[in-house]
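A short write-up of the structure that comes next.
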Amino acid sequence: MNKLIKVVTKDSALVPFVAILLGLLVGAIIMLIGGYDPILAYRSLLETVFGNRYDFGETLTAITPVLFTGLAVAFAFRTGLFNIGAEGQYIMGMTGATVIGVTVHLPWYLHAPLAVIVGALVGGLWGMIAGYLKAARGVNEVITTIMLNWIALHLANYIVRRFLLEPGKGRSYMVDDTASATIDWLSRFMDDARMHWGTAFALLGVIFFYYFLWRTKQGFELRVVGSNPDAANYAGISVNKGVIKAMFISGALAGLAGVFQVLGVFHNQVISAGHTGHGFDGIAVALLGGNNPLGVLLGAILFGVLSYGAAGMSFGADVPPEIIRIVIGSVIFFVAAPGIIRWLLKRISGKKRKEEAI
Amino acid sequence: GAKNNNGGGAASPSASPSESPSASPTASESASPSETVDGKGFKFAMVTDVGGVNDKSFNQSAWEGLKTLETETGASVKYQESKEATNYLTNLNKFVREDYNLTWGIGFLLGDAVKDAASKNPDAHLAIIDSVVEAPNVASITFAENEGSFLVGVVAGLMTKSNKIGFVGGIDIPVIKRFELGFVAGVAAVNPDAKVEINYTGAFDKADLGKAAAASLYNAGADIIFHAAGGTGNGVFNEAKERNKSAAADKKVWVIGVDKDQSLEFGDDVTLTSMLKRVDKAVYSVSRDMIEGKFPAGQVTTLGLKDDAVGLPETSKTNVPQDVLDKVEEYKQKIVSGEITVPTAQ
Amino acid sequence: MDAATIGHMLNTAFVFSTALILAALGGILSERSGVVNIGLEGLMTAGAFAAAVAAYKAQEAGYGGASPWIGVIAGAIFGVLFALIHAVATITFRADQVVSGIVINFIAGGSTLYLVKLLFEGAGETTLVNEVFHKVKIPVLSDIPIIGDGLFNAYPTTYLAIILVGAIYYMLYRTAFGLRLRSVGEHPSAADTVGIKVLRMRYTAVLLSGVLAGIGGATIAMTTTGSFSHNTISGQGFIALAAVIFGKWNPLGAMGAALFFGFAQSINNVLQLFDFTSHIPSEFIYMLPYVLTILVLVGAVGRSRAPGALGEPYYQGKR
Amino acid sequence: MEQAKTVVEMRNITKRFPGIVANDSVNFKLRKGEIHALLGENGAGKSTLMNVLFGLYQPEEGEIFVNGQQVVIDGPNKAIKLGIGMVHQHFKLVHPFTVTENIILGSEPRKWMGLAVDKKQAYEKVNQLSKQYGLNVDPYAKIDEISVGMQQRVEILKTLYRGADILIFDEPTAVLTPQEIGELLVIMRNLVGQGKSIVLITHKLKEIMAIADSVTIVRRGKVIDSLPVAGTNPNQLAEKMVGREVSLKLDKKVAVLGEPILEVDNLVVKGRQGLNALNGTSFVLRRGEILGIAGVEGNGQSELIEALTGLRPVSSGSIKVAGADVVGEKPRAISEAGISLIPEDRHKHGLVLDFPVRDNMVLETYYQPQFNKRGFLDYEAIGKHAERLVKDFDVRTPSIMTDARALSGGNQQKAIIAREVDKNPEVLIAAQPTRGLDVGAIEFIHKRLVEQRNMGKAVLLVSYELDEIMQLSDRIAVIYEGRIVGEVKPSETNDQELGLMMTDYKQKQGGAGNEQAD
Ligand SMILES: Nc1ncnc2c1ncn2[C@@H]1O[C@H](COP(=O)(O)OP(=O)(O)OP(=O)(O)O)[C@@H](O)[C@H]1O
Ligand SMILES: Nc1ncnc2c1ncn2[C@@H]1O[C@H](COP(=O)(O)OP(=O)(O)OP(=O)(O)O)[C@@H](O)[C@H]1O
Ligand SMILES: [Mg+2]
Ligand SMILES: [Mg+2]
């Protein structure tokens, strides 16, 4: 993973920029092959996102969950853990918030915070299972988090169906208004877009990520554990505790994504047939951002803009929105393999340097 | 705050469980207008759930309804696919904000989104399939799947040789429960000795689970399976086909399809009949009502046997003997007249 | 539970497991050579897509029973194409292997659906193929109680998968090629100093993983779905990856893990047939395979040891 | 050595790495049947030159002649074909493989039309070679299970199996015990006796004097001199190598002993395999002394270090630091009780290579008040601290923000020593503190250890190098199979006696279970 961390920091800021351009270029070429007009498509995409207040607000709402899950995955990466389970932690966080939102009745200043805290805790605990199994039993977290994603899906469905179901609807009761995390004045300002506090919390998450890992003792410990667990042991830092702690924090971040989808966007939880994909998208966002908090923020913005804009692209230019996944994939690819970009740049500029190319 | 519904992203359920790919009876055949209406200048739109407009299921069916409307009346029509649950509301709003005359939300997953769009835009008109939205500017269309399922239950009850019948459901949610309860009641009405084994796979999109579920049901002695499981049902068909390849004639197994005439897709060597659900017809006729100024705003329309919105396809006669079809017709009359009340899910 | 039921569960387990086994074998080859392959999901997607399209075209062109085989070959080819991206990125350009794998998943998911829409006039799913694989009974053996139905009444692809497990096991542990492949994944510079072409070896392994995972995806299209849509492959690649690790990077172990998983899945359906299970919420039955997998992992002693150089790009002079 | 034929000649070899000329127009000649030593500081370019000869690096300039023919060695394959074999500084062995598998890798005997590896033939061949050269390895053993010395023999066998006549040994003795070194020297003579020619890279002047025929000295990528060993001496060599006078003899004041600070009593500790690695180890360490633990690798040294620092659970017995029992305490508590450790493996245990030097300097103290401000790490204070250590301990690094990975081995080691010494411990445990370092670096580190002792601290030196033990220790405890089997003063013993105690203590009078101190 070390290489990954350096990708963004080591190479010039040019690389991500060129990567985005190249990714868009790949998308354009594929559109041309399919007989679509890439210029029209990208213009529709941008118009959709920046065209009016409503869509811009909704784009922010689309960025929020992947920013959370991106931070979650990146946080675990920093501690040397590959958390494929953000999806399950997202679902569990969502469920925790729904349970509180539906079954508990409190004034707003208690209700919403309680729902947020419980959701984050439940997500964190769900992540901690994988951390504990790794620490105590040496079970590879990649497997356990994959399995826990499925378990979370079915467990959440059970909880919704058994305890929270609104008759006749395939979903829970609506959460109480007191648990809502919407920002009504901002929504009105944004022409009824679903603005909620989650976006602000996600930004706080970025700051937390940075301060916690680089400025606190515990963060220092987690980074040592992630970078060299043997040295951590020798330095008197408990690797096992670090693993569990990191998975808890990672899970809580992913859980918050789910929390705010319920409290800020949907206000209920459906019996779900499959995964939403926000957790998996978080992996992509983390990688796009080189596991740097700022990078993750930029990655989430890019991801959110492209995903939300994709709808407009198919609306305005009839381009299948799947193309956007190819574009995002290509961008990550070029970010991760800066060698390709340098190689390409060299080809283009025609200069041949004597040193080893890559 | 804004209300919406958060179904699964890449893999969310369609309320309507079939995704059988094939050319089903086109809307123009069945939903043909009695008199011509001029719809020029009218704009209609629909927003799909995450299944997409070519899901070969109810989204597609709805789109066919709109396209027929376009041909018949000259109205302009458009659709927007939803990639994930958060898009439901934004997509609906896209049309509402462009002053479309009527915007459809297809599928129960869009219920909350339609409600939200309607309350924020009281001048707009919206309609929803498979869900009830209480708003003065929304028309809600639901289907009495239990009635149609009752009839295919009658077929199954009369035609089973083993007295064991299977039901494969997607997820245990109210819509699917209606299929199950109607079907079980239909079987019981004509064949109290027959036992219906229920198997919910927990997914609408996992053909492998459907296949495995069908395999265990057939292995346990069932000879007919009714599926209400969307793409999962493809696995049920594949398992049946496979068994029939090698089985003796008297050991043949059957599948009862759902939503559309699935014999057109999977062939009539395995498809006994199907439980049709005419979303195209509903979309067409309500949209047409709008042009004619008869839009059922604020009303809930439940389409059942009496409207021919659910039931068996014509092709059933290939495999279902006439005496059975007569029985089906008999029960249909009883249900329409109210003599029999088919249980439904709550 | 009677013998027939158990035999039947075994049979179902194999249906589930076949694709997992094939993809896991691919994962093993790639990772044994030192290249993490988290892109199995994408490679399977590519394989399933290609198989559904090719078999459909073959069926249209009148190839009849050969169509599914043509599908499998197409699946292998497409798997290789996507694996090539992974190989170029990780081996030549030393991109992070995890990132590249995720990219493969992204691009495979997006581009196959895009192609489906182009090829099938906007449809989200390929047209159903009627010429798919059918189970083949092996005479005599299939009459053995329990295992007869369980093992010897299976799809040709299942037999293929089992044969490949044996073949790859043999290749890894008995042939010079296998020795070299493993050495490249354990200690590439050691391999380099005895004249083994590390990069070429890794390319071979990664491309082979594309072949195998592609075939794995193809088997799903050619046995269970008969078509390809966005959810034909939904998570199987990750389960296969889990089987690689669970099986300790050993073909036999991975096959065991895949079968275990398939078996846990088939218990699902059998359980629903009993009356006592009606009291158990169905969701708990759905969870069973995943819970069992974790429990077995927790119970299994010893951490699995990944190949020594897994995830590390190699270049000469690296220390 | 009479005028033997030249088997390798390297002319004007230049090899550059980004920012450095590792070999600057180097000329090198190897004659048949000789052992030719290559000497130089860390980073002088020795390994690079030999890697060029072995085809791992391509030189920018220069020519290579093998047996009089000009050749281009574009890869190890080509080198092997030319009869060149290399035993690398860091062994190139695949650990989960067996000895035989490692040896045959890349040129496997086949059967069944090339389909399968002919293991039987392989084992026989390995056995036969092993006998012929007196190497005595078990062809069936896994690399994981054999000692470092054995691993090296496997490396030698690998070259012989490929028919090498020209053998390159890169720092072969850095990792060996004195016994193993002795055996290796015998093996090398044996090889030369059978017509092989050998290049030997080493920092140990004693070995050069003992076995080499000629020596070539490199400094900063350039050849300083090439001369027959017969006409030189260690001091002269050291001076040529470093470019200044080096004192090979450490001057130490007489130890001023204080009260006991570390008391280890009857310690029993389980090893990795679950067997007892320490079997009732007892010793006492006083302030103001350096106690050297001598022993053959694998006799419980690692476990002793781990037990003392809280990294390994203790089955029974006691460890007292300044009178307080620390058994069962966490590593951090023990560190705070005054024990510091310079670990054996600097890359694995000592440093976080991807962290800047600055952060590595506070790896064990980051949580202490002086490095924190209002709950956050105070990077200003940490930076100042790191700058001071870098300066005091002459750690050569471009800046404190440079990643530890980029430092040379010697400077990495200096950084660790700076960190541990600065903790001002009561007891400093130094495990193999100079492994692989050149004489200049060794001199520096040794001085620092003695300085600690002179300040009244206690130093526990664990080393497999007898020279280091003899030179530094005030007292030597010999460890054998998890027990201290004897204690001697360096002035009252010699290599032979120590060597005997280390291998078979029973021949030494009354040493068993010795508990008395001093
Ligand atoms: N792969 C490499 N990439 C960049 N620079 C290198 C590389 N290998 C060696 N160098 C540089 O070349 C110089 C010579 O290194 P080399 O390993 O040959 O030294 P050495 O004489 O073998 O040292 P030591 O005694 O520590 O083994 C080093 O100072 C280092 O800066
Ligand atoms: N891959 C590399 N790229 C660039 N510089 C390198 C690389 N590897 C080593 N160096 C440089 O090599 C120099 C030290 O080389 P080297 O590792 O030979 O030291 P050493 O004393 O031999 O260490 P060791 O004890 O680990 O053998 C340092 O200046 C370092 O910057
Ligand atoms: Mg060297
Ligand atoms: Mg060195």
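Here is the naming used below: chain letters follow the sequence lines, and residue numbers restart at 1 for every chain.
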Is the count of non-hydrogen atoms from other residues, nucleotides or ligands lying under 6.0 Å from A:Phe189 atom CZ greater than 12? no
Does any heavy atom of chain A fall under 4.5 Å from the side chain of B:Asn93, the backbone, both, or neither of them? side chain
Where on A:Asp191 is there a heavy atom nearer than 4.5 Å to chain B: the side chain, the backbone, both, or neither? both
Is it the case that over 12 heavy atoms from other parts of the model lie below 6.0 angstrom from the OH atom of A:Tyr54? yes
Looking only at side chains, do B:Asn91 and B:Ser82 share a donor and an acceptor under 3.5 Å apart? yes
Would you indicate whether A:Tyr42, at its atom OH, is surrounded by more than 12 heavy atoms from other residues, nucleotides or ligands within a distance under 6.0 Å? yes
With chain B, which of A:Glu58, A:Arg161, A:His154 has the greatest number of heavy-atom pairs at distances under 4.5 Å? A:Arg161
Let's test your reading of the structure: which of B:Lys94, B:Arg178, B:Glu81, B:Lys206 forms the most heavy-atom pairs below 4.5 Å with chain A? B:Lys94
With a 4.5 angstrom heavy-atom cut-off, is it the side chain or the backbone of B:Lys177 that approaches chain A, or both, or neither? neither
Where does the angle between the aromatic ring planes of B:His227 and B:Phe237 fall among parallel (under 30°), tilted (30 to 60°) and perpendicular (over 60°)? perpendicular
Given a strict heavy-atom distance threshold of 4.5 Å, which part of A:His196 is in contact with chain B: side chain, backbone, both, or neither? neither
